[in-house]
Undergrad: 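Submitted below is the structure of interest, expressed as structure tokens.
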Amino acid sequence: MGVDMDLQQKARERCNWLPERELPPGPMYKALVDQLASDIASGKLLPGVRLPPQRLLADALGVTVGTITRAYREAERRGLVEARVGSGTRVKGKTEALPHFHHLTRAGQDSIDLSLSIPIPTPLRQQQLAASLQRVSSRPSAVDEALVYQPEQGCPTQRDQLCQWLESQGLQMDPEELILTEGGQHADFLALQALVKPGEAVASAALTYPGMIAAARQLGLKHLPVGTDSEGIRPDMLERLCQQQRIRLLYLMPEYNNPTGQRMSEARRSAIVEVARRHDLLLLEDGVQFVTAEYRGTPLYKLAPERALYIFSVSKLLAGGLRFGALRAPANLMAHLRVALRAQCWSSPGLMGAVTCQWLADGGADALLNWQWEEIRARQALVQEILAPYELSAHPCGFHAWLRLPEGLRAVDFVHLADGRGVTLIASEPFCVGSQPAPQAVRICVTPPASREALAEGLQRIRILLDEAPAIPAPLL
Ligand SMILES: Cc1ncc(COP(=O)(O)O)c(C=O)c1O
């Protein structure tokens with residue numbers, strides 16, 4: 001069979017990696033793996049880099065796909081690369097664990113950013129922050145209180161103020177049960193570091209918040225996925241997993257799973273608590289994707305106060321830059337949390353806490369939040385209207401919607417196509433636990449655009465791409 005030189009040249013131009021030197025005689029697949037190993041060792045191929053698709057590399061080298069498949073398999077066996085369904089074969093290596101937050105890169109200036117889960121931009125926020133700063137700085141006793149070293153659980157006045165505000169939102173907590181943190185991510189990390197030993201296992205939905213995946217990895221924990229249905233984590237699957245191995249902690253978002261939007265019924269919450277009691281699991285409920293009281297079910301710490309922790313943060317409500325949050329925990333775990341927090345940062349910053357709690361106590365925050373909830377409802381309605389024919393999962397006051405792509409579309413390609421049309425989205429990949437295959441879905445955040453009109457424009461562009469789907473040429477493999 002003659003080699004089509006034109007096809008080979010085109011394929012070579014599209015390959016991001018090719019063996020530079022003439023390969024030595026002997027089995028081709030082995031020579032390829034040796035070349036790969038040498039390029040990885042020399043730093044020419046960095047960890048995380050995706051290798052060319054098999055068919056493309058086969059065309060570029062004028063060999064059969066079978067040869068490349070064999071080479072990639074051998075490279076995987078030797079621990080050089082890692083293959084993942086839906087995202088190809090990538091160079092393995094330590095830094096490969098780092099890019100879990102890679103999606104937090106800002107969208108280009110002209111792009112409509114639908115990738116970040118953040119509060120809706122409004123000048124009201126700046127005005128309220130200025131007022132809050134002013135009030136704290138004009139009270140010498142408040143400044144004094146904020147400027148001293150704080151106890152590990154955080155300033156007692158701030159814990160009282162926070163509890164009062166949480167109570168107004170239907171979440172009753174005792175200030176003694178709270179440890180103040182530098183936001184939700186810190187609370188996640190703190191809970192894992194203080195309560196789970198390296199090598200022990202934690203579990204969560206197979207698609208979950210990437211910060212949790214990153215924290216578990218960083219701490220050397222085993223992170224196991226649990227199967228879900230339309231209500232989130234399935235108790236029978238959790239039961240089976242617990243029978244197979246010891247799980248220390250289950251991480252979950254019963255109100256509104258980030259990213260899939262599943263919400264747990266009351267019956268489901270009780271069933272999960274039952275399994276947790278049977279197998280002595282800690283429950284870490286992440287409430288950072290905060291919803292209004294009218295949509296909230298019973299928090300797990302109410303159902304199982306002896307084993308459930310709850311994470312709160314103002315990042316989605318006031319501003320992510322405040323780095324202010326809290327972790328509610330049963331009294332018998334508080335000493336472990338205090339010791340871990342002291343080792344990390346002594347305490348959460350008193351000044352940030354003072355400004356944030358003043359903001360919450362003023363009533364200004366409530367006005368801002370009421371505006372934001374109304375705006376989010378209107379924006380979620382726009383998503384439902386513009387993307388009506390497609391498979392969406394969302395919450396009326398959620399910060400994002402989850403879009404399952406129609407047959408034939410791949411999430412990574414879709415994100416790329418959307419980028420070409422000036423819309424920034426996130427594919428499913430960063431949300432996958434372990435080596436779970438990534439579903440062909442994308443997350444659409446409704447809050448970053450400054451106006452509903454900008455959001456509608458972004459959604460229209462997505463709609464056009466979806467409608468055009470059958471015309472999108474399949475990528476050359
Ligand atoms: C579920 C969840 N938990 C925690 C966080 C991190 O919260 P923070 O920004 O307060 O650290 C986020 C942020 O997006 C989140 O979605």
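Quantities reported herein were computed from a predicted structural model and do not represent experimental measurements. Counting convention: from 1, in listed order, for ligands and their atoms alike.
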Undergrad: May I ask you to identify, for R323, whether its side chain, its backbone, both or neither come under 4.0 Å of ligand 1 on a heavy-atom basis?
TA: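 The side chain, only.
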Undergrad: Only distances under 3.5 Å count here; give the side-chain donor-acceptor pairs of residues 162-169 to other protein atoms, sequence neighbours excluded, each with its distance to 0.1 Å.
TA:
| residue | atom | partner | partner atom | Å |
| --- | --- | --- | --- | --- |
| W165 | NE1 | D366 | OD1 | 2.9 |
| S168 | OG | W165 | O | 2.5 |

Undergrad: Run the numbers for me: atoms of ligand 1, each under 4.0 Å from some heavy atom of N258, listed by number.
TA: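 Those of ligand 1 that fall under 4.0 Å from N258 are 16 (O).
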Undergrad: So if I count the atoms of ligand 1 from 1 in the order they appear, which ones are less than 4.0 Å from some heavy atom of M253?
TA: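 Numbered from 1, ligand 1 contributes 1 (C).
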Undergrad: Just let me know how H186 lines up against ligand 1, side chain, backbone, both or neither, with a heavy-atom cut-off below 4.0 Å.
TA: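 For H186, there is no contact with ligand 1 at all, from either part.
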Undergrad: Which ligand 1 atoms are under 4.0 Å away from a heavy-atom of S315?
TA: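 Reading through ligand 1 atom by atom, the close ones are 8 (P), 9 (O), 10 (O).
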Undergrad: For a side-chain hydrogen bond (donor to acceptor under 3.5 Å, both in side chains) with D229, tell me which candidate from Q262, R268, R234 qualifies.
TA: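 By the side-chain hydrogen bond (donor to acceptor under 3.5 Å, both in side chains) criterion, D229 pairs with just one of Q262, R268, R234: R268.
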Undergrad: Determine which pairs satisfy side chain to side chain donor-acceptor pair (under 3.5 Å) with at least one residue from residues 380-389, sequence neighbours left out, and list them in order.
TA: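 Listed by first then second residue: nothing to list.
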Undergrad: Looking at ligand 1, would K316 count as a contact under a 4.0 Å heavy-atom criterion?
TA: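 Flag set, K316 near ligand 1.
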Undergrad: Run the numbers for me: atoms of ligand 1, each under 4.0 Å from some heavy atom of G183, listed by number.
TA: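 Those of ligand 1 that fall under 4.0 Å from G183 are 10 (O), 11 (O).
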Undergrad: Thinking salt bridges, do R342 and E152 make one under a 4.0 Å N-O criterion?
TA: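 Salt bridge present between R342 and E152.
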Undergrad: Only heavy atoms of D286, strictly under 4.0 Å: list the atoms of ligand 1 that pass.
TA: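 Per the distance check, 1 (C), 2 (C), 3 (N), 4 (C).
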Undergrad: Give the numbers and elements of all ligand 1 atoms closer than 4.0 Å to a heavy atom of Q185.
TA: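 Within the 4.0 Å cut-off of Q185, ligand 1 contributes 6 (C), 7 (O), 8 (P), 11 (O).
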Undergrad: Could you tell me whether R328 and E177 make a salt bridge, using a distance below 4.0 angstrom between a side-chain N and a carboxylate O?
TA: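 Yes, charged N to carboxylate O under 4.0 Å.
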Undergrad: Between E200 and K222, does at least one N-O distance fall below 4.0 Å, as a salt bridge requires?
TA: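 No, this pair does not count.
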